[in-house]
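Reading through the C-alpha cells given below for one structure.
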Amino acid sequence: ITAEDAFGGMCMTSAIARKNFRDFVRSGDNETLITGCRTHFCSDAGHLERPGKKELYHYDLEDYLNFYLWGNRTRLRNGGEGIGFEFMPGSELENGAFASVLENLSF
C-alpha cells in the first residue's frame, strides 16, 4: 500500500494524517508495508496546534517512529500482523537509517 492510501501522503504531524493512519491500522490485520513514505520539514503551524502562528517549522520523523510503534502494538495486540515503512529514494531518511533506529525499539 502507498503512503498516499494509508494517510494521504501528507505531513505526519497533521491531524488529518494521524486520523487517516489510525483508521488504516484499525481497519486491517494483514502485514503491511507502506511504500512511498517521505519525512520532511513542514512550516504549517496548525499541525502543532498553534493556528495563531503563521509558520512554525517542524520535522515529522518523530511521528513516523511513534506511528510505527503504535501501529505495530495495536495490530499485534489484536492478533494481526505488523506494519513497516519504506521511504522514497533520496528522502531525508534512507531506509537503512530508519531500520537501524527501529532495531532498538520494542513493542
Side-chain angles (χ1 to χ4, degrees):
I1 188 163
T2 67
E4 186 69 35
D5 294 332
F7 54 85
M10 57 188 79
C11 174
M12 289 293 277
T13 306
S14 70
I16 190 69
R18 291 192 306 259
K19 180 191 179 310
N20 289 345
F21 186 79
R22 286 191 303 264
D23 291 347
F24 167 76
V25 167
R26 292 176 179 139
S27 70
D29 59 0
N30 295 331
E31 183 175 0
T32 306
L33 177 64
I34 302 171
T35 61
C37 296
R38 181 178 60 89
T39 58
H40 64 284
F41 288 98
C42 179
S43 63
D44 190 333
H47 295 170
L48 300 173
E49 299 176 8
R50 302 288 300 269
K53 295 228 176 234
K54 188 174 183 180
E55 292 182 340
L56 192 56
Y57 289 93
H58 54 279
Y59 188 58
D60 62 357
L61 171 60
E62 183 178 358
D63 297 289
Y64 275 101
L65 293 172
N66 290 334
F67 280 129
Y68 176 83
L69 291 171
W70 177 85
N72 280 292
R73 282 186 193 132
T74 299
R75 285 253 179 114
L76 296 173
R77 181 177 44 236
N78 296 327
E81 297 185 33
I83 293 171
F85 293 111
E86 182 177 278
F87 290 88
M88 293 174 56
S91 69
E92 290 89 350
L93 182 67
E94 295 296 330
N95 293 316
F98 191 71
S100 67
V101 169
L102 297 180
E103 287 175 4
N104 298 312
L105 301 175
S106 61
F107 309 117

Heavy-atom pair with the smallest gap, counting every atom of I34 and C37: O-SG, 3.5 Å
Using salt bridge (charged side-chain N to carboxylate O under 4.0 Å, His left out) as the criterion, list what pairs up with D23, not counting sequence neighbours. K19
Which residues pass the side-chain hydrogen bond (donor to acceptor under 3.5 Å, both in side chains) test with T2, not counting sequence neighbours? D5
Contacts of type side-chain hydrogen bond (donor to acceptor under 3.5 Å, both in side chains), residue R75, not counting sequence neighbours: T32
Within the 3.5 Å criterion, strictly below it, is a donor on T13 or D63 matched to an acceptor on the partner's side chain? yes
Please give me the minimum heavy-atom distance between C11 and S14, naming the atom from each residue. O-OG, 2.9 Å
Which atom names give the shortest non-hydrogen contact between M12 and R18, and what distance separates them? O-CG, 3.6 Å
Report whether L33 and F87 are members of the same hydrophobic cluster (ILVMFWY, side-chain heavy atoms less than 4.5 Å apart, transitive linking). no
Backbone N or O of F24 within a donor-acceptor pair of the S27 side chain at under 3.5 Å? yes
For the CD atom on E62, are there more than 12 heavy atoms of other groups (residues, nucleotides or ligands in this structure) within a distance under 6.0 Å? no
Taking only residues two or more places apart in sequence, or in another chain, which ones meet N20 in a side-chain hydrogen bond (donor to acceptor under 3.5 Å, both in side chains)? none
Give a yes or no on whether the backbone of I83 and the side-chain of N72 come within a donor-acceptor separation of less than 3.5 Å. yes
Taking the six-membered ring where the residue is Trp, are the ring centres of F67 and F85 under 6.0 Å apart? no
